[in-house]
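Below is one structure, written out as structure tokens, with a few remarks after it.
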Amino acid sequence: MIPSQKTYLILILVLLIAPILSNVLGVYQTIMITLLFDVVVLGLVIIDGWGVRSNRVKIDRELPLRLSIGRDNPVLLKVKAENINSVIKIIDYHPTDFETSQSVLDANLLAHENQELTYTVKPHQRGEFAWGNIQVRQLGKWGLGWHNWQISQSTKVKVYPDLIGLRSLSIRLTLQSSGSIRKIRQMGIGTEFAELRNYRSGDDLRFVDWKATARRSYANMGPLVRVLEPEQEQTLLILLDRGRLMTARVQGLQRFDWGLNTTLSLALAGLHRGDRVGVGVFDRQIHSWIPPERGQNHLNRLIDRLTPIEPVLLESDYLGAVTHVVQQQTRRALVVVITDLVDITASSELLAALSKLAPRYLPFSVTLRDPQIDQIAHTFTEDITNAYTRAVSLDLLAQRQVAFAQLKQRGVLVLDAPANQISDQLVEQYLQLKARNQL
């Protein structure tokens with residue numbers, strides 16, 4: 001039983017009145033009356049708290065089947081009051097490493113009322129975590145004491161890559177395909193026939209289908225033009241670096257986690273566009289190789305295979321990873337390498353590896369930049385220590401630009417973006433490549 005704030009106020013009020021009573025009744029009598037009053041109040045607190053036991057609220061916790069790393073995942077607590085009005089405080093013992101939107105939840109319920117309380121947790125690491133019990137405090141009918149107890153709700157929960165982001169991307173791609181979002185389709189871009197439509201002012205006459213036009217000329221409805229769309233069933237290979245450079249943390253997550261989220265987003269886009277998608281994870285050697293396949297079920301296999309993988313403090317062998325791709329994939333493919341560049345040594349090795357792919361394949365270098373370095377580099381300061389830090393940041397950015405310029409000269413596509421924006425930008429560039437039929 002825990003005294004409420006109301007109880008403490010009553011006890012403090014008695015202490016304030018005690019000096020006045022001592023002048024009237026005497027010190028000894030005042031002390032005895034005060035002690036007796038305190039005992040009575042504490043007794044009422046116990047009785048008030050004890051009375052809650054037969055009218056405890058009922059609470060059920062509902063968790064997502066799979067939590068998404070780096071996202072606010074909703075947790076639902078369903079609360080049901082019994083025969084009395086209930087004032088409660090709830091502490092849900094989520095894993096200690098998770099950020100939470102609310103550590104204590106408050107609710108006021110009428111008798112027999114149901115309420116749903118929601119808060120969010122943000123995990124920063126993949127894996128399996130233990131979720132504890134639910135701690136509840138319920139105020140007694142008189143408002144003097146809290147009844148404190150736990151509801152047994154211990155369970156295990158798994159944290160996956162950014163599944164929330166994948167669902168959002170899937171909806172966006174579906175809307176684009178169905179036409180709810182205006183589809184960017186230009187005449188003559190692509191190789192696969194999509195449809196015939198009426199000629200519009202400005203259309204290229206080279207794409208007029210004269211045979212189809214002749215068949216309906218009797219109706220005097222004007223010429224028909226062929227609409228072409230990007231070729232389907234191409235091959236997309238993604239190489240995800242899990243070496244030393246990917247162990248650093250950027251905005252709460254390891255670079256590898258940002259890279260893994262990006263890998264799955266790009267894979268989803270590729271599968272949605274009908275491509276065959278394969279993924280390789282490498283450090284000194286190929287750690288995991290998932291051969292290219294098509295179909296939405298392949299995405300589930302990718303998630304299950306890639307989720308347990310963690311980065312390691314090993315130098316990455318870019319040339320070895322690229323050599324493995326060349327041995328496994330003989331036909332032309334888009335090869336996306338997701339990594340990071342910090343020093344000249346790493347950039348020179350990446351340059352040598354990706355140069356081996358061109359022109360037989362279409363190589364694409366994707367690097368995850370730390371937004372904090374950008375902020376430091378572009379923030380003027382007069383402090384000497386901060387000025388040195390800014391100089392280092394500017395030098396790092398300059399080295400990256402030199403490396404990217406060399407990659408572009410060798411025919412390598414380049415994307416360098418903040419880690420928290422890389423998924424959206426990469427998917428957009430991939431869709432543009434498909435629309436332009438660059439592969």
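Checked by atom type and distance alone, the side chain of Ser68 pairs as donor or acceptor with a backbone atom of Leu163 at under 3.5 Å. With hydrogens and angles ignored, the 3.5 Å screen pairs no side-chain donor or acceptor of Asp60 with any backbone N or O of Lys58. Listed for the Gln138 side chain is a donor-acceptor partner under 3.5 Å among the backbone atoms of Val57. The closest donor-acceptor contact from the side chain of Ser355 to the backbone of Leu351 lies under 3.5 Å. Counting only distance, with no hydrogens or angles, the side chain of Ser154 and the backbone of Ser152 share no donor-acceptor pair below 3.5 Å. Remark: the backbone N or O of Ala111 is not paired with any side-chain donor or acceptor of Asn83 at under 3.5 angstrom. Panel note: side chain Thr247, backbone Pro311; no donor-acceptor pair is recorded below 3.5 Å. Between the side chain of Tyr361 and the backbone N or O of Val325, no donor-acceptor pair lies under 3.5 Å. Under the 3.5 Å distance criterion, the side-chain polar atoms of Gln429 are left unmatched by any main-chain donor or acceptor of Leu415.
Cation-pi geometry between Arg255 and Trp258 is not satisfied (NZ or CZ under 6.0 Å from the ring centre, within 45° of the ring normal).
Within the structure, salt bridge (charged side-chain N to carboxylate O under 4.0 Å, His left out) pairs that include any residue of residues 105-120 comprise Lys89-Asp106 (at least two apart or interchain).
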Should Leu426 and Phe364 be marked as a side chain to side chain contact (heavy atoms under 4.5 Å, CB included) after you check the CA-CA gap, both sets of side-chain angles, and the distance that decides it? CA-CA 10 Å; Leu426 180 55; Phe364 195 161; 3.8 Å; yes
Where do Asp283 and Arg242 land on the salt bridge (Lys or Arg N to Asp or Glu O under 4.0 Å) test, with the steps shown first? CA-CA 6 Å; Asp283 43 71; Arg242 74 161 197 152; 2.6 Å; yes
With side chain to side chain contact (heavy atoms under 4.5 Å, CB included) as the test, would you mind laying out the steps for Leu173 and Leu431 before giving the verdict? CA-CA 10 Å; Leu173 293 172; Leu431 295 177; 4.0 Å; yes
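For the atom pair Tyr430 OH and Leu236 CG, the distance stands at 6.0 Å (nearest 0.5 Å). Interatomic distance, CG of Leu169 versus CG of Leu268, reported as 4.5 Å (0.5 Å rounding).
Checked against side-chain contact (heavy atoms from CB on, under 4.5 Å), Tyr8 has the following partners two or more places apart in sequence or in another chain: Pro3.
Between His94 and Trp131, the closest side-chain pair of non-hydrogen atoms falls below 4.5 Å. Between Arg332 and Leu362 there is a side-chain heavy-atom pair separated by less than 4.5 Å. In this structure, the side chains of Leu175 and Arg172 stay at 4.5 Å or more apart for every pair of heavy atoms.
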Side-chain donor-acceptor pairs of residues 117-126 under 3.5 Å, sequence neighbours excluded:
unit_1, atom_1, unit_2, atom_2, d
Tyr119, OH, Asp92, OD2, 2.6
Thr120, OG1, Ser101, OG, 3.2
His124, NE2, Glu99, OE2, 2.8
Arg126, NE, Asp257, OD1, 2.6
Arg126, NH1, Thr307, O, 2.3
Arg126, NH1, Ile309, O, 2.9
Arg126, NH2, Asp257, OD1, 3.0
Arg126, NH2, Ile309, O, 2.9

